[in-house]
Number of protein chains: 2
Amino acid sequence: MTGGEKEITIYDIANKLNISAATVSRALKDHPRVSKKTKKLVIKIANEMGYRSNSFASNLRKKSSHIIGLIVPRLNSNFMADVIAGLEKVLNNNNYNLIISQSLETMQKEISNANAMLVNRVDGLLISLAYDTTNIDHLEPFIKRNIPVIFFDRVFEHDRCPQIYIDNYKAAYEITTHLIKQGCKRIVHITASQLRKIYAERYAGYKKALEDHNIQFDADLVIINDLSSEAGIASAHQILKMSPRPDGVFSANDNCAISCMQTLKKEGIKLPADMAFAGFNNDPAAIVVEPNLTTVNYKGYEMGEVAAKLMIDHLINKDEFHPAHSLILRSEMIVRESSLRKV
Amino acid sequence: MTGGEKEITIYDIANKLNISAATVSRALKDHPRVSKKTKKLVIKIANEMGYRSNSFASNLRKKSSHIIGLIVPRLNSNFMADVIAGLEKVLNNNNYNLIISQSLETMQKEISNANAMLVNRVDGLLISLAYDTTNIDHLEPFIKRNIPVIFFDRVFEHDRCPQIYIDNYKAAYEITTHLIKQGCKRIVHITASQLRKIYAERYAGYKKALEDHNIQFDADLVIINDLSSEAGIASAHQILKMSPRPDGVFSANDNCAISCMQTLKKEGIKLPADMAFAGFNNDPAAIVVEPNLTTVNYKGYEMGEVAAKLMIDHLINKDEFHPAHSLILRSEMIVRESSLRKV
DNA sequence: CTGTTAGCGCATTCAT
DNA sequence: ATGAATGCGCTAACAG
């Protein structure tokens, strides 16, 4: 291949029109000090000649890419797809583009992704941390250069980076309270590493709900794993060994809750009569499992929108972030049969 | 904000070391004709000074971005997440990066995504088409410029663009044959727009299997919709009205199969005794629904790998694509209880 | 093995 | 309202 016909530049347009490249550049950018007539003409000819702006040259000159980087643990969830749709809407409306990569839940990949974003000179970075990320040294090069970094969902405490996440504490408090109101006295909580703020907060909400309803907190009822399907099966076996047998389970995600439920069912436990269940995330499978799983829904689209808006505002106003820019979004409990006991 | 300390360039490194910028550039690129000593020194100083290469300048000079564009209908599936992981592995190993966007199943968004990719000067484009894409005029600017375009999964016939997809015909043939072997005589097929090659081929495979087993094809048993959950419910009602009642269902995706199953169960149909079910995609919910759904699994990771390899080979060898570069991948049937009848 | 030079395409200052 | 000139930072001849 030859690269096809040569790429045409503003100089080619300028020559054909006998005007200067500067005027072409301005016309294409809809600069106010160019006559309507020349603008129209330039645009017409540009289209005819098949011109496409060279973003490298433009970015080099302007020292900005108008590209926002996004790093997420995994893409395979409705939540993330929604977040991205929300982000793209706001960013595209403001002439920004998005580049996306997934860390696959490992800090190592997250680091290499961040470096790629750095070299590709994103104007801002949005990141939801990998499961095993323990520090954010890899983000320091951004912060040092005043490239805005915004955490969302899986956030990290940093006084120059806003965080956007849902009110995990409140959601967990509400759903635990709901289980208590359904008559549960011994409620298991399945959660993950407490280094992740979201899991720590769900745990805290669970504890507080017990306390407020005069139920003694029992550390033996707390299972910590990675919330995978396999972990759900293991949790079920652990629960079966508990004595007296628990009468409720609040899992920090649906995925784990579902495989746990299925395992318990196979072992003859009646759900929700013997044991009520609640999860978190509103996974599509939550309405497939029987009984349908009570869970917490949070709109990713909205989270994407607010994250993008925060980023755009910052880029346009060029001011420093305040920790106060952090946002906590509301979530909603969705009650389904898995937690409805005939009390 | 001020942009922080000034970005340092190869000239800054060159000055500090009293060598030329060209040598610095070569050293950083690990060019063979630079002494080990200078290389080491340059790299050390570069790190100390916090240098980051300027990809705009480099790309402008080299007229290539080393970025591959990816456009997919939606990101919220395991399949897509796997495809992307496979792509990233191969591309990153070859020093290429990926930029991703989702068309949200609309041709309009797909067009604007493609334009963004064009302006951002991707070196190649990988695309799985939106549901309602009827032509690929928006990809012509790439093809005209000899920017390689590779279709995967939801492909389009074009003599300069290879296609990578699974053998839908064969998979559908096999799964239909399986249903027949389980004793099904009247098998419904739920599918989507026949403009999409993948659905047309699944349909064809279904038909051929019937024919090869001497079962009269009956157009009344074919339901065409958008394969959504809602469509699954509607399909169930349609099936209930069919007389004589069908004894098997092959849905072109799991999602639709599952909601259809649940609706039928509510109406008192025994699965699989009254009606055997098979889907397509190996959705996570396929092992949650009861009975677990027989389906077709195809490894996205592998598809991502081969697509990326094809792209890389093409970019390195700079030769034209041949239609012969198209690839058809194997898939595997996963038999679960939904199709196992005690015959 | 290293240096000199030039130019990629654009946006912008300073003229007019 | 338009033009001329300059440089963003890098890489690739070419020359030693």
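Proteins come first, then strands; the chains are lettered A, B, ... in the order of their sequence lines, and each starts at number 1.
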Colleague: When you check the side-chain N and O atoms of B:Gln163 and B:Lys197, is any donor under 3.5 Å from an acceptor?
Modeller: yes
Colleague: Between atom CZ in A:Arg33 and atom C1' in D:dG3, what is the gap in whole Å?
Modeller: 13 Å
Colleague: Just to confirm, is there a sub-4.0 Å distance from OP1 or OP2 of C:dG3 to any side-chain nitrogen or oxygen of B:Thr23?
Modeller: yes
Colleague: Less than 4.0 angstrom between a side-chain N/O of B:Thr38 and OP1 or OP2 of C:dT2, yes or no?
Modeller: yes
Colleague: What integer distance in Å separates B:Leu28:CG from D:dC10:P?
Modeller: 9 Å
Colleague: With respect to the phosphate group of C:dA11, does any side-chain polar atom (N or O) of A:Ser58 fall under 4.0 Å of OP1 or OP2?
Modeller: yes
Colleague: Quick one: B:Lys40 NZ to C:dC1 P, roughly how many Å, whole number?
Modeller: 14 Å
Colleague: Are a donor atom and an acceptor atom from the side chains of B:Ser20 and B:Thr23 found within less than 3.5 Å of each other?
Modeller: yes
Colleague: Can you measure B:Asn120 atom CG to C:dC10 atom P for me and round it to whole angstrom units?
Modeller: 14 Å
Colleague: If the cut-off is 4.0 Å, is B:Lys63 near the phosphate of C:dG9, judged by side-chain N/O to OP1 or OP2?
Modeller: yes
Colleague: Answer yes or no: side-chain N or O of B:Arg26 and base N or O of C:dG3 forming a donor-acceptor pair under 3.5 Å.
Modeller: yes
Colleague: Reckon A:Thr9 has a side-chain N or O less than 4.0 Å from the OP1 or OP2 of C:dC8?
Modeller: no
Colleague: Measure NZ/B:Lys37 against P/C:dC1 and give the value in whole Å, please.
Modeller: 11 Å
Colleague: Of A:Pro32 and A:Ala57, whose nearest nucleotide on DNA chain D comes first from the 5' end?
Modeller: A:Pro32
Colleague: Any side-chain N or O of B:Tyr51 under 4.0 Å from OP1/OP2 of D:dC10?
Modeller: yes
Colleague: Just checking, is any N or O donor in the side chain of B:Ser65 or B:Asp123 under 3.5 Å from an acceptor N or O on the other one?
Modeller: yes
Colleague: Let's see if you can work this out: which of C:dG9, D:dA12, D:dA4 has an atom nearest to the side-chain heavy atoms of A:Leu60?
Modeller: C:dG9
Colleague: D:dA12 phosphate, OP1 or OP2: any side-chain N/O from B:Lys62 under 4.0 angstrom?
Modeller: no
Colleague: How many Å lie between OH on A:Tyr11 and C1' on C:dA11, as a whole number?
Modeller: 10 Å
Colleague: With a 3.5 Å cut-off and no angle check, do the side chains of A:Asn115 and B:Arg52 form a donor-acceptor pair?
Modeller: no
Colleague: How many whole angstroms separate atom CD1 of B:Ile13 from atom P of D:dG9?
Modeller: 13 Å
Colleague: What I want to check is whether an N or O donor and acceptor connect the side chain of A:Arg61 with the base of D:dG9 at under 3.5 Å.
Modeller: no
Colleague: To the nearest angstrom, how far is A:Asn54 atom CG from C:dG9 atom P?
Modeller: 7 Å
Colleague: Can a salt bridge be assigned to the pair B:Lys89 and B:Glu305 using a cut-off of 4.0 Å between side-chain N and carboxylate O?
Modeller: yes
Colleague: Would you say B:Ser35 reaches C:dC1's phosphate, i.e. side-chain N/O to OP1/OP2 under 4.0 Å?
Modeller: no
